[in-house]
Amino acid sequence: MVSPSLSPYEQLLAKLRRTYLVETVGSVLSWDEQVNLPEDSAGLRADQLAVMAELSHEASTDPEIETLLRTLEAQAATLSPDQAVVVRLTRRDYDRMTKLPAAFVAEKARQSSAAYHAWAECRKKNDFPNYAPFLERHLALAKEEATLLGWGDRAYDYAIDKHDPGMTTAIVEALFAELKEGLLPLVREIVTAAAPPPDVFRGYPIESQRQFLREVTERLGFDYRRGRIDVSLHPFCGGAPSDVRMTTRFNEHAPLDSLFSSIHETGHGLYEQGLSIPDLGTPLGQSVGMGVHESQSRLWENQVSRGRAFWSYFEPRFRSCFPEQTRTVDSETLYRAINAVEPTLIRVDADEVTYNLHILLRFEIEQRLFKGSLAVKDLPATWNALSSEIVGLVPPNDTLGVLQDVHWSGGAFGYFPSYCIGNMMAAQLWYTALTQFPDLESDFARGDFSRLLGWLRTKIHREGRRFDTLALVQRVTGEPLSPRHLLRYLRERYLPLYATPAAQR
Ligand code: ZN
């Protein structure tokens with residue numbers, strides 16, 4: 001019970017804080033599910049998580065929040081700028097949570113669970129036709145959700161806005177069209193020149209990998225006093241800003257996979273750890289959206305950690321962790337392996353040059369599905385045709401094609417574009433940082449990443465959700481979001497490496 005002696009704003013903060021605490025309990029439970037759970041304990045954990053989801057829904061849809069919001073909206077003129085942000089965004093969240101009838105929410109949850117199991121089964125059996133009805137139902141629910149929330153027939157705009165506030169189909173379409181125009185010829189140029197990645201990674205002991213990635217992530221600035229890294233089947237970053245839970249996985253023949261996926265999750269973790277602690281639970285202590293989150297993970301993973309300066313510091317460390325394994329690998333071979341380019345059918349295995357092609361393909365498909373110009377039953381044929389046109393490869397079966405991603409089985413449409421928005425934003429932030437600190441990379445060569453992290457903390461992390469995705473980019477970089485920077489970055493990093501006479505030997 002909230003004390004009546006508190007002001008309406010303080011009462012609202014107390015409500016938000018309570019919701020936040022309930023959500024973080026659920027988050028630690030699901031981290032534990034993926035990291036520690038004994039195999040026969042899954043039933044209990046599913047029930048525990050269902051109760052936490054109920055409690056969280058109850059807390060965030062508490063009718064007293066409506067009363068407090070109305071009181072505060074009536075006193076809008078007296079609110080400070082920070083308070084106004086909190087009230088405006090809490091209203092947006094609250095309406096999205098409460099405008100959906102309980103029966104609709106329950107139906108969507110049931111459908112997601114059923115579709116997930118159908119997807120896992122059908123992917124294994126290469127059986128799209130039996131998965132199609134689940135996808136059709138999800139599509140219908142996504143359209144219904146948009147209508148219930150007042151988006152009318154702009155269901156795909158709503159799906160995009162849900163992941164990246166303020167973005168629309170038209171904005172993404174324009175950005176992606178420009179990206180595609182520059183990227184397709186660039187990929188052709190690099191792929192023609194690039195030899196298959198050198199296979200120099202055999203028998204890297206897991207314990208030494210663990211030690212090396214701990215050193216790297218700590219150097220980048222991850223605070224292990226309020227976070228940790230463990231092992232799970234699929235790497236992720238969860239928990240809460242004051243208790244970040246990252247995971248990775250190890251393969252003794254693929255040390256770079258675990259290293260770069262750990263650095264990727266560290267980028268997410270650094271964003272979470274950089275959120276304003278006193279504001280946790282309110283929109284001022286939350287991340288903006290998927291695209292901005294992804295910009296942080298990609299910036300650390302790609303622009304920073306695949307660069308020469310980073311490796312001039314870490315290569316000797318890497319060699320001392322793996323003296324036997326690296327004895328016959330010269331520096332240039334190592335650097336090329338770190339920056340290998342090879343088109344692949346599978347999005348999650350793609351390098352940073354060809355990765356965006358996979359997103360262009362999915363965006364095109366989602367648009368057609370929402371417009372109604374593509375029927376679900378025709379998805380495999382369209383997927384394969386577009387894959388040939390955009391990625392340059394035709395999947396031999398649906399398991400390696402349209403069935404590869406989990407997202408749609410959870411009804412997560414409009415999610416894929418965020419990955420590419422994140423990539424564009426990461427490159428744009430990178431060049432802005434380099435303009436402000438031209439000698440930034442000499443820090444990296446000394447193993448010091450604090451200047452870049454400090455800048456991101458101030459410009460991005462501490463702002464919480466104060467600005468929507470595009471407004472934030474404009475504010476920090478002084479210009480609208482554009483694919484030009486990503487294209488420039490890919491050209492500058494990969495052309496010297498591959499499209500030179502030395503590489504064509
Ligand atoms: Zn990510």
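Each ligand, and each atom within it, is numbered from 1 in the order the structure gives. The structure displayed is predicted, hence computed values, not measured ones.
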Novice: Give a yes or no on whether a salt bridge exists between R96 and D161, defined as a side-chain N under 4.0 angstrom from a carboxylate O.
Specialist: yes
Novice: Please give me the minimum heavy-atom distance between L345 and V394, naming the atom from each residue.
Specialist: CD2-C, 3.9 Å
Novice: Does H268 bring an N, O or S atom to under 2.8 Å of the Zn ion (ligand 1)?
Specialist: yes
Novice: Would C237 count as a contact for the Zn ion (ligand 1), in the sense that one of its N, O or S atoms lies under 2.8 Å from it?
Specialist: no
Novice: Flag E294 as yes if one of its N/O/S atoms falls below 2.8 Å of the Zn ion (ligand 1), otherwise no.
Specialist: yes
Novice: How about Y116: does its OH atom have over 12 heavy atoms from other parts shown lying under 6.0 Å from it?
Specialist: no
Novice: Here's one to test your reading of the geometry: is the NZ or CZ of R308 within 45 degrees of the ring axis of Y335 and under 6.0 Å from its centre?
Specialist: yes
